[in-house]
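Read through the structure below, which is laid out as structure tokens, and then see the notes.
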Amino acid sequence: MNVTVFFTYKMSLEEWDKLRIFERETLVYRKLAKNEDVSFKFVTYGNENDLSYQEKLKNIEIIPIYKYLNKPDNKTLQLLQSFIAPFKLKKVIGDTDIYKTNQMYGSWFPITLKLIRNKPLIVRTGFDLYSFGKKQNKKNTKLFFYFILTQIAILFSSLYFVTSKTDHDYLLKKYLWLNKKKLKIRPNWVSETSYENIENRVADKVLSVGRLEGQKNMKGLIKEFRDSDIVIDIVGDGSEREDLKKLANELNVNVNFLGLVKYDELLDLYKNYKYFVLYSDFEGHPKSLIEAMSRGCICFVKGNENTKEIIQHNFNGFIIDELQESVPSFLSNKLRIKEEISISKKAYEFSINNYSLEKTINIEKLDYEISTQK
């Protein structure tokens with residue numbers, strides 16, 4: 001069975017590497033590709049530089065579209081070219097059993113090929129593009145495009161993946177022609193590990209992981225720790241970095257900006273921290289949260305529909321909105337160590353039991369088989 005995976009619009013293997021997410025984003029496919037029954041092609045928005053990752057990807061075929069097309073300098077022309085690209089590259093991409101998107105944005109490429117070749121299409125989304133756009137106050141023209149694109153993807157997909165029950169229920173209410181049987185919840189995954197005790201972990205620091213952009217609400221996180229002695233270590237980068245540094249200085253908050261960290265190094269980093277904080281106003285199915293839980297961190301999250309699917313307050317973590325005080329104040333009134341250990345273990349067990357990599361791989365292969373039978 002051959003599966004052709006189409007990258008998110010503008011995304012390449014080189015960019016994944018720069019963002020330190022290459023290992024994680026390719027892991028499921030690399031493990032599946034070891035099985036002779038499944039092979040993959042990656043259609044990326046990269047150039048010849050993407051071919052340098054061939055050795056790491058073994059027998060996964062890399063097809064960078066800008067090896068075959070001249071990339072326009074103008075962003076509008078780049079977008080228009082991406083709609084023409086399926087016709088120009090259909091011979092290069094060749095035959096396949098299944099088309100699959102990595103995200104909704106850019107799905108027009110495989111949708112077009114699906115219509116040309118009449119092959120099964122799996123649409124994978126990490127979050128609903130339209131509802132996220134509304135929360136980010138995107139322009140109405142973009143929202144209309146997101147809505148129409150999602151509706152078209154629903155219409156022509158064989159299977160449609162979302163990462164949370166919240167998104168599942170929202171799509172059923174919002175969109176037409178959505179067959180319940182094709183809509184599947186496929187959450188993010190965590191790699192398996194054994195539980196490691198938290199007693200000797202650093203207790204005067206908290207860890208947060210995320211892009212330094214508005215959605216992640218790092219400004220709110222810093223304000224939460226105003227005039228606190230607790231140090232915040234932030235993994236990630238983005239356009240708000242300098243503004244966040246300035247805000248931390250103004251509010252007397254000790255923040256260490258650790259930048260981007262490779263996936264395997266990040267997994268080890270979680271194990272150094274007793275506490276993890278996710279302050280996003282809205283999320284899809286947050287990878288950093290379930291990864292922190294899988295490493296036994298005691299997690300504090302802003303309450304929203306998606307995080308509440310994962311965190312049960314005062315059981316396997318804490319909902320910040322349900323605390324009677326600020327997070328620093330709560331941490332200063334130390335929990336008894338037995339209570340901390342209990343919450344840490346429950347976080348670990350919940351994450352591993354519900355989001356294991358092995359389970360994800362088995363379901364992924366089964367989904368391929370199901371899609372070819374439709």
Side-chain angles (χ1 to χ4, degrees), residues 3 5 8 21 23-32 100-105 107 122-132 135 150 153-154 157-172 174 178 180-193 209-211 215-216 263 266-267 270 276 278 280 282-297 299 301-313 315-317 319 346-371:
V3 181
V5 179
T8 310
I21 59 174
E23 296 295 333
R24 184 187 189 355
E25 293 298 317
T26 62
L27 185 55
V28 168
Y29 299 115
R30 285 187 283 122
K31 285 186 174 291
L32 277 168
K100 183 186 177 188
T101 72
N102 191 58
Q103 289 284 6
M104 173 61 68
Y105 199 49
S107 61
I122 297 175
V123 174
R124 183 262 176 191
T125 65
F127 54 89
D128 179 63
L129 194 60
Y130 174 76
S131 61
F132 255 50
K135 291 170 182 175
T150 302
I154 286 170
S157 61
S158 304
L159 292 174
Y160 192 104
F161 295 167
V162 295
T163 55
S164 68
K165 186 177 184 300
T166 298
D167 283 358
H168 176 277
D169 295 346
Y170 176 81
L171 261 68
L172 286 177
K174 186 72 178 179
L178 181 51
K180 290 183 180 180
K181 292 182 179 179
K182 78 160 65 171
L183 183 60
K184 306 290 184 183
I185 299 174
R186 299 292 181 256
N188 290 312
W189 52 267
V190 294
S191 55
E192 294 80 353
T193 184
V209 178
R211 292 174 290 107
Q215 181 223 327
K216 297 300 181 180
Y263 175 62
L266 179 59
L267 294 182
Y270 287 120
F276 174 86
L278 181 69
S280 306
F282 57 95
E283 281 283 351
H285 185 260
K287 296 186 184 85
S288 62
L289 173 59
I290 61 173
E291 287 170 354
M293 294 172 74
S294 76
R295 269 53 190 172
C297 297
C299 298
V301 301
K302 285 272 286 183
N304 58 60
E305 291 176 317
N306 292 76
T307 55
K308 286 182 177 180
E309 287 186 28
I310 301 170
I311 295 295
Q312 183 178 342
H313 183 65
F315 177 76
N316 64 351
I319 307 293
K346 286 169 182 173
Y348 164 79
E349 290 166 358
F350 181 88
S351 185
I352 294 297
N353 291 341
N354 288 280
Y355 309 125
S356 76
L357 175 59
E358 182 180 358
K359 181 179 179 181
T360 296
I361 289 172
N362 290 335
I363 293 175
E364 181 87 4
K365 188 174 180 184
L366 181 61
D367 285 332
Y368 297 159
E369 295 170 359
I370 293 171
S371 69

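Any value given below was found using the heavy atoms of this structure, including those in side chains, with hydrogens, waters and symmetry copies removed. Given the structure is predicted, the values throughout are model-derived calculations rather than measurements.
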Measuring from [X]:[atom1] to [Y]:[atom2], what's the distance to the nearest 0.5 Å?
| X | Y | atom1 | atom2 | value |
| --- | --- | --- | --- | --- |
| L27 | I361 | CG | CD1 | 6.5 Å |
| S164 | D169 | OG | CG | 8.5 Å |
| S288 | F276 | OG | CZ | 3.5 Å |
| E349 | I352 | CD | CD1 | 10.0 Å |
| E358 | W189 | CD | CH2 | 13.5 Å |

Subject >> Worked verdict on H168 versus K184 for side chain to side chain contact (heavy atoms under 4.5 Å, CB included) >> reply: CA-CA 8 Å; H168 176 277; K184 306 290 184 183; over 6 Å; no

[X] versus [Y]: any side-chain heavy-atom pair under 4.5 Å?
| X | Y | value |
| --- | --- | --- |
| V123 | M104 | yes |
| L289 | C299 | yes |
| S191 | Y263 | yes |
| Y368 | L32 | yes |

**OP:** Please say which of K180, K182, K174, K181 ends up in a side chain to side chain contact (heavy atoms under 4.5 Å, CB included) with L178.
**Re:** K182

Subject >> side chain to side chain contact (heavy atoms under 4.5 Å, CB included) between M293 and I310, intermediate numbers included >> reply: CA-CA 10 Å; M293 294 172 74; I310 301 170; 3.5 Å; yes

For [X], does the [atom1] atom sit with more than 12 other heavy atoms under 6.0 Å from it, leaving out its own atoms?
| X | atom1 | answer |
| --- | --- | --- |
| K346 | NZ | yes |
| E192 | CD | yes |
| K165 | NZ | no |

**OP:** Quick one: do K302 and T307 satisfy side chain to side chain contact (heavy atoms under 4.5 Å, CB included)? Show the steps, please.
**Re:** CA-CA 8 Å; K302 285 272 286 183; T307 55; 6.0 Å; no

Subject >> Heavy-atom closest pair, residues T125 and T163 >> reply: O-CG2, 3.5 Å

Original post:
Looking at D367 and R186, does any basic side-chain N land under 4.0 Å from a carboxylate oxygen?
Top reply: yes

Subject >> E364 and K100 ion-paired at < 4.0 Å >> reply: yes

Subject >> Sole residue of K308, E309, E305 in side-chain hydrogen bond (donor to acceptor under 3.5 Å, both in side chains) with T166 >> reply: E309

